[in-house]
Amino acid sequence: MRIMLFFDLPVKTKKQRRDYTRFRNYLLDEGFDMMQFSVYCRLCNGHESMERQLEKVKRNLPPKGSIRALPITEKQYERMRFLLGDKTKNEEKVTINQLTLF
C-alpha cells in the first residue's frame, strides 16, 4: 500500500518558503520519495501503517496551502501509466517484495 501526497503551498513570503521547506524536509525524513515536484509517495506496510503515517503528516501540516493524500494499493500503483519519462531510481529500488522481507 502507498500514500501519494499532492500539495500546492504558497511561497510568496519568506515565512511561506520556510514552511514549504520545513514540510518538504519533513516528508523526506519520514521516508517519502519525490515522484515529481509537489508529488510525494511513501510505501506503507498495510492499512494501519498508512493510517498512522497520515496522522503523523496531519500533525506536521504547514499553516496554509492545499494538500491531498491518496492511499492506493500496490496493484493500483503498478497500473500507473507513464505518458512521458521513466521510473525514478527510487521507484525502481523499492518494491513491495522488498518491504515484506522486513
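Everything numeric in this text was worked out from a predicted model, so none of it was measured.
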Nearest 0.5 Å please: distance from the CG atom of Leu54 over to the CG atom of Leu5.
7.0 Å
For Lys56, give me all partners under side-chain hydrogen bond (donor to acceptor under 3.5 Å, both in side chains), at least two apart in sequence or on another chain.
Glu30
Contacts of Thr73 meeting side-chain hydrogen bond (donor to acceptor under 3.5 Å, both in side chains) (sequence neighbours excluded), chain-then-number -> Gln76
Side chains of Glu74 and Leu43: closer than 4.5 Å at any heavy-atom pair?
yes
Heavy atoms only: give me the nearest Leu9-Gly65 pair and the separation to one decimal.
CD2-CA, 3.9 Å
Using the side-chain contact (heavy atoms from CB on, under 4.5 Å) criterion, which residues pair with Asp29? Sequence neighbours excluded.
none
Residue pair Tyr26 / Val57: nearest heavy atoms and the distance that separates them
OH-N, 3.7 Å
Quick one: hydrophobic cluster around Val39, which other residues, with the 4.5 Å side-chain cut-off, linked directly or via members?
Met4, Phe6, Met35, Leu70, Ile72, Tyr77, Met80
Note, Arg42 side chain near Arg2 side chain (heavy atom, < 4.5 Å)
no
Results of salt bridge (charged side-chain N to carboxylate O under 4.0 Å, His left out) for Lys15 - residues two or more places apart only:
Asp19
Measure the acute angle between the ring planes of Tyr40 and Phe7, then classify it against the limits of 30° and 60° as parallel, tilted or perpendicular.
parallel
Exceeds 12 heavy-atom contacts within 6.0 angstrom, atom CG of Asn25:
yes
Walk me through whether Met34 and Arg24 qualify under side-chain contact (heavy atoms from CB on, under 4.5 Å).
CA-CA 9 Å; Met34 186 175 87; Arg24 182 182 180 280; 4.0 Å; yes
CD-CE distance between Glu51 and Met1, expressed to the nearest 0.5 angstrom:
8.5 Å
Inspect the surroundings of CZ in Phe37 and state if more than 12 heavy atoms from other residues, nucleotides or ligands are less than 6.0 Å away.
no
Is a donor on one side and an acceptor on the other found under 3.5 Å between the side chain of Ser38 and the backbone of Asp8?
no
Set of side-chain contact (heavy atoms from CB on, under 4.5 Å) partners for Ser49, sequence neighbours left out:
Cys44, Arg52
Where the side chain of Gln16 meets the backbone of Thr13, is there a donor-acceptor pair that is under 3.5 Å apart?
yes
Roughly how far apart are Asn45 CG and Gln53 CD, rounded to 0.5 Å?
12.5 Å
